Amino acid sequence: MTELPPLPEHLGPLNPAQADAVRHRDGPLLILAGAGSGKTRVLTRRIAYLLETGIPPEQVFAVTFTNKAAAEMKERIEELVGPEARKLWVSTFHSACCRILRAEAEALGYTRRFAIYDDDDQVRIVRQLVADAGYDPKVVVPSAVISRIDWFKNRRIDLEAALEQRRLRRGEPLARVWEDYETQLRASDALDFNDLIGKVVELFEGHPEVLQRYRDTFRYVLVDEYQDTNRTQYTLLQLLAAEHRNLAVVGDDDQSIYGFRGADLRNILDFERDFRDARVVRLEQNYRCSERILEVANAVIAANDGRIAKRLFTETKRGGSRVTLLAHEDPRSEARFVADACLRLVDQGARWSDIAIIYRTNATSQPFEAALGELGVPHKVVGGRPFYARREVRDALAYVRLVTNPADDAAFLRVVNVPARGVGAATLSSLRDAARERGEPLMKAARAVAAGTSRAARAVAGFLRLIDELVEVAAAASLPAFVREVLERSGYVELLRAEGEHEGKGRLENLEQLLRDAATFVPDPSAPDGPAEVLAQWLDRVALAGSEEEAGEGGSVALMTVHNAKGLEFPIVFVVNMVDGQFPHVRSAEDPDGFQEERRLAYVAFTRAQDRLFVSRCRHRFSWDPRGGGAIKEPVARSPFLDQVPVGSCDGALVDAREGPATAEPRRRAGPLPEGRRAELRALLDGDERPRRSLRPSRRADPVPEAPPAMPAGTYRTTTIEHADQLGVGVKVLHDRLGIGTILKIRLPTLVISFSSGSRSVPSHDPGLQILKE
DNA sequence: AGCAGTGTTTTTTTT
DNA sequence: AAACACTGCT
């Protein structure tokens with residue numbers, strides 16, 4: 001832990017810059033805080049100091065970007081000032097806005113029970129609208145439509161404005177679909193994520209008396225990660241702060257990594273122009289990273305232009321061990337190496353929770369999870385939103401949503417026929433027509449249809465009865481009891497039980513977790529009581545945050561994306577899969593802004609490390625041969641960022657990741673980590689600093705490994721099947737339900753196998769599967 | 001009409 | 001791994 005010594009008082013050992021930032025009271029303040037410069041410390045002290053000087057906690061409005069950061073900040077302030085801290089507004093932009101809208105929704109023509117549509121709901125809605133409008137979804141791609149709509153909303157451009165500014169032509173498919181989308185949301189009493197912010201801006205602009213109320217309430221506004229604000233959020237802040245001007249923002253232009261969400265660097269770059277009298281404080285002393293790590297991170301970010309001049313330095317962590325650059329044959333050997341290294345590091349006294357594995361894209365976690373699991377390394381994939389995004393969880397939640405808000409069409413469409421109850425495509429489409437004609441929610445249209453006697457009408461009636469029952473349960477039962485009833489009465493649990501062991505089991509477990517989550521949910525004590533209220537709050541939490549039990553650190557290695565790692569620090573960090581196309585990602589490579597953002601991502605990733613940093617890449621990746629030849633290995637080039645790393649700060653003892661030409665060259669084949677390299681690894685991690693012969697990277701130092709030993713005859717449990725080496729098209733397998741079959745295709749983790757009963761796709765880790773070899 | 005089963009395609013990052 | 005489109009069966 002690189003903590004400053006504990007403070008006797010609020011203004012204890014802060015460096016002069018930090019103290020300035022804390023002590024500044026009224027008027028605009030810009031804090032430029034480099035990575036690890038004690039930003040959170042300054043923010044929390046500053047709030048504590050404000051309270052100390054007599055500002056009532058209700059008047060302080062602090063916004064962050066993640067729930068984790070908000071929770072941490074609250075906790076740390078509470079440590080400083082005690083339970084008073086609970087009266088502060090410390091939350092994310094989205095939950096703060098959600099809270100405001102729940103109170104003020106009527107002024108905008110929504111009810112207080114408005115639904116929140118996440119991206120999945122958005123895409124479903126748009127897909128329908130595209131089809132209704134008669135466009136080809138391959139041409140007018142729903143997800144692209146959403147991302148363009150979001151693009152506009154992030155920049156505070158609504159449909160009207162977009163048309164006016166000629167950014168959109170009237171009659172263009174996007175314009176048409178966007179309009180339908182807004183109509184649909186309005187009719188469904190629903191807001192999307194961006195609306196949460198945008199509608200508050202609209203509220204403030206259109207209702208001066210409401211704005212005045214909030215200005216009077218929030219006399220001190222603090223914003224964390226200001227470099228990640230978009231134009232809409234910026235406007236919101238300007239509106240709130242225009243009168244009292246007590247706006248304090250903290251940020252680092254080098255850590256702006258949310259461009260895809262509309263983060264606009266101008267917000268921070270122009271702060272001094274927006275507020276001529278702004279006080280500017282620079283926090284450039286880093287207390288987190290060792291000097292060597294800092295050198296590497298600084299070298300990478302130095303290539304960006306248009307930065308606010310600043311250079312991070314350290315006095316407390318001079319020197320440190322060299323940053324280790326590694327090259328591996330393929331993702332599996334990379335993962336194996338990292339897992340091995342974790343074991344070794346823990347042998348040397350590190351705790352599991354000291355270690356983090358950081359990558360650019362979620363998909364990268366997979367081989368690492370497998371390798372860590374194999375070696376028995378406790379690990380946890382942090383973030384993403386694996387849990388609430390599960391289909392079964394979303395289905396269950398859709399029932400809950402529909403009970404809370406009968407106008408929620410997205411929820412209706414999700415569950416009318418899940419489990420199947422006889423409401424098919426044809427019935428549904430007539431329902432939608434009826435609803436659209438009358439501008440009513442689907443539930444209403446369904447009521448009309450249900451009066452009939454046809455088979456379809458009876459099916460719809462059955463569904464309505466179910467929802468009505470659930471509405472009654474909701475009014476009386478506790479939250480967990482209600483959720484349980486939802487699962488039981490909907491027949492969902494039964495459906496999963498029938499689905500068979502493998503599929504259904506994990507899903508059932510997820511639903512149990514959902515129940516546990518409902519059971520442990522603590523409603524806001526300051527909000528009104530009652531089942532409906534608790535239910536609504538729970539839905540907000542679920543929509544805006546992840547599962548809370550995620551935080552249960554315990555003792556495990558953390559795996560996460562760079563975005564999820566922001567704001568965190570670890571003694572030991574592996575930044576993995578530093579391969580061209582992944583990191584920097586291909587999708588950003590084309591435009592210069594995107595590329596610079598990738599560089600900032602690398603900067604963020606590196607600066608998470610306190611004491612040891614490993615950066616690794618591989619030379620090949622697995623991919624799928626489109627001609628059906630099975631899984632193939634493909635050469636990949638190293639990340640260009642590796643070339644900016646200063647040699648003096650690095651240890652290339654294994655095989656330097658910068659070795660070889662930047663464009664990929666074809667290589668032969670994979671194999672286990674050779675014993676020679678294993679020995680090197682051991683020496684390296686055991687802290688043997690003697691120069692080694694192999695220090696100089698050489699192509700010969702990395703010999704072509706031998707082929708993996710041939711599989712002896714016999715049968716194998718499928719834990720072994722995860723290794724593609726042992727699979728091949730044509731290999732015979734035995735499945736305990738489906739019998740003997742032949743592998744047709746390998747698309748890990750899925751196998752397509754031809755059985756006598758026809759071909760099926762089977763997960764490669766299906767425990768009922770064995771390889772037959774003669 | 002409804003539905004199960006199969007085959008095809010696809011993801012950068014998150015509130 | 002999951003969402004869709006397509007097919008053929010009931």
Side-chain angles (χ1 to χ4, degrees), chain A residues 63-70 91-98 116-120 123-124 127 131 137-138 141-143 147 150 154 191-197 225 228-230 232-233 256-263 358-364 366 383-386 388-392 394 417-430 454-456 459 499 503 506-507 540 543-546 560-566 581-589 594 597-598 600-601 604-605 624 626 744-745 747-750 752 754 757-761 763-765:
Chain A
V63 250
T64 63
F65 271 88
T66 66
N67 294 289
K68 213 191 292 169
S91 61
T92 63
F93 268 105
H94 290 86
S95 46
C97 288
C98 179
I116 300 171
Y117 282 3
D118 64 17
D119 37 2
D120 188 68
V123 172
R124 281 161 172 265
R127 185 174 294 129
K138 291 210 170 90
V141 183
S143 58
S147 81
D150 281 341
N154 280 326
L191 301 174
D192 64 28
F193 273 125
N194 279 318
D195 288 340
L196 290 177
I197 317 283
E225 309 281 14
D228 285 329
T229 50
N230 64 33
T232 312
Q233 291 158 336
S256 172
I257 57 173
Y258 281 100
F260 66 92
R261 213 162 63 178
I358 298 177
Y359 36 79
R360 175 69 233 269
T361 64
N362 281 307
T364 303
Q366 211 243 315
R385 52 191 97 171
Y388 285 113
R390 298 292 158 85
R391 198 209 319 147
E392 60 281 9
R394 297 186 50 91
N417 204 32
V418 179
R421 48 174 73 86
V423 185
T427 314
L428 215 52
S429 120
S430 71
S454 65
R455 201 166 61 153
E499 214 166 69
E503 274 290 294
R507 296 187 186 281
D540 281 353
L544 299 175
M560 65 191 102
T561 61
V562 186
H563 287 89
N564 270 308
K566 183 141 115 165
Q582 279 287 315
F583 201 171
H585 199 273
V586 253
R587 303 275 296 241
S588 308
E597 179 155 310
E598 294 290 319
R600 293 192 290 268
L601 280 160
V604 169
W624 173 242
L744 289 182
K745 279 186 184 177
R747 188 161 26 179
L748 293 177
T750 304
V752 179
S754 134
S757 55
S759 73
R760 296 277 311 255
S761 49
S764 66
H765 47 83

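Any value given below was found using the heavy atoms of this structure, including those in side chains, with hydrogens, waters and symmetry copies removed. So you know, we letter chains A, B, ... as the sequences are listed, proteins then strands, and number each from 1. All figures in this text were calculated on a predicted structure; none of them were measured in a lab.
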So, do A/His585 and B/dT12 meet the stacking rule of ring centres under 5.5 Å and planes under 30°? yes

Which nucleotide, B/dT15, B/dT12, B/dG2, lies nearest any side-chain atom of A/Asn67? B/dT15

How about A/His563 and A/Phe260: are their ring centres within less than 6.0 Å of each other? yes

Among the nucleotides B/dT15, B/dT14, B/dC3, which one has an atom lying closest to any side-chain atom of A/Ala420? B/dC3

Let me know the distance between NE2 of A/His563 and P of B/dT11, rounded to the nearest Å. 18 Å

Parallel, tilted or perpendicular for A/His94 and A/Phe193, by the 30°/60° rule? perpendicular

How many whole angstroms separate atom CG of A/Asn564 from atom P of B/dT13? 10 Å

Applying salt bridge (charged side-chain N to carboxylate O under 4.0 Å, His left out), can you list everything that pairs with A/Glu225, at least two apart in sequence or on another chain? A/Lys39, A/Lys566

How many whole angstroms separate atom CD of A/Gln366 from atom P of C/dA2? 13 Å

Between A/Thr66 and B/dT15, is there a side-chain N or O to OP1/OP2 distance below 4.0 Å? no

Minimum heavy-atom distance between A/Asp228 and A/Ser256, given as atom pair plus value: OD1-CA, 3.4 Å

Think A/Arg455 has a side-chain N or O under 4.0 angstrom from the OP1 or OP2 of B/dG2? no

Return the stacking result for B/dT13 and A/Phe260: yes when the ring centres lie under 5.5 Å apart and the planes under 30°, no otherwise. yes

According to salt bridge (charged side-chain N to carboxylate O under 4.0 Å, His left out), who are the partners of A/Arg124, at least two apart in sequence or on a separate chain? A/Asp120

Separation of B/dT12 atom P from A/Lys566 atom NZ, nearest Å, is 21 Å

Side-chain N or O of A/Arg587 versus OP1/OP2 of B/dT12: is the shortest distance under 4.0 Å? yes

What does A/Thr427 touch in the nucleic acid at a heavy-atom separation under 4.0 angstrom: a base, only the sugar-phosphate, or nothing? sugar-phosphate

Considering every strand and a 4.0 Å limit on heavy-atom distances, what is the contact class for A/Ala425: base, sugar-phosphate, or nothing? sugar-phosphate

Phosphate contact (B/dC3 OP1 or OP2) by A/Asn417 side-chain N/O below 4.0 Å: yes

Rounded to the Å, how far apart are A/Asp120 CG and C/dA3 P? 7 Å

Consider the side chain of A/Glu598, meaning its heavy atoms from C-beta on, and name the nucleotide among B/dG2, B/dT15, B/dT12 that approaches it most closely. B/dT12

Nearest-nucleotide check on DNA chain B, A/Ile257 vs A/Val423; residue mapping nearer the 5' end is A/Val423

Looking at every strand, decide which applies to A/Phe93 at a 4.0 Å heavy-atom threshold: base, sugar-phosphate, or nothing. nothing

Under-4.0 Å side-chain N/O to phosphate OP1/OP2 contact, A/Asn362 with B/dT12: no

To the nearest Å, give me how far apart CG (A/Leu428) and P (B/dG2) are. 9 Å

Looking only at atom types and distance, does a side-chain atom of A/Asn417 sit under 3.5 Å from a main-chain N or O of A/Gly422, one as donor and one as acceptor? yes

Can you tell which of B/dA1, B/dT14, B/dT12 lies closest to the side chain of A/Thr561? B/dT14

In whole angstroms, the gap separating C1' of B/dT14 from CG of A/Leu196 amounts to 14 Å

Rounding to an integer number of Å, can you tell me how far A/Asp228 CG sits from B/dT13 C1'? 11 Å

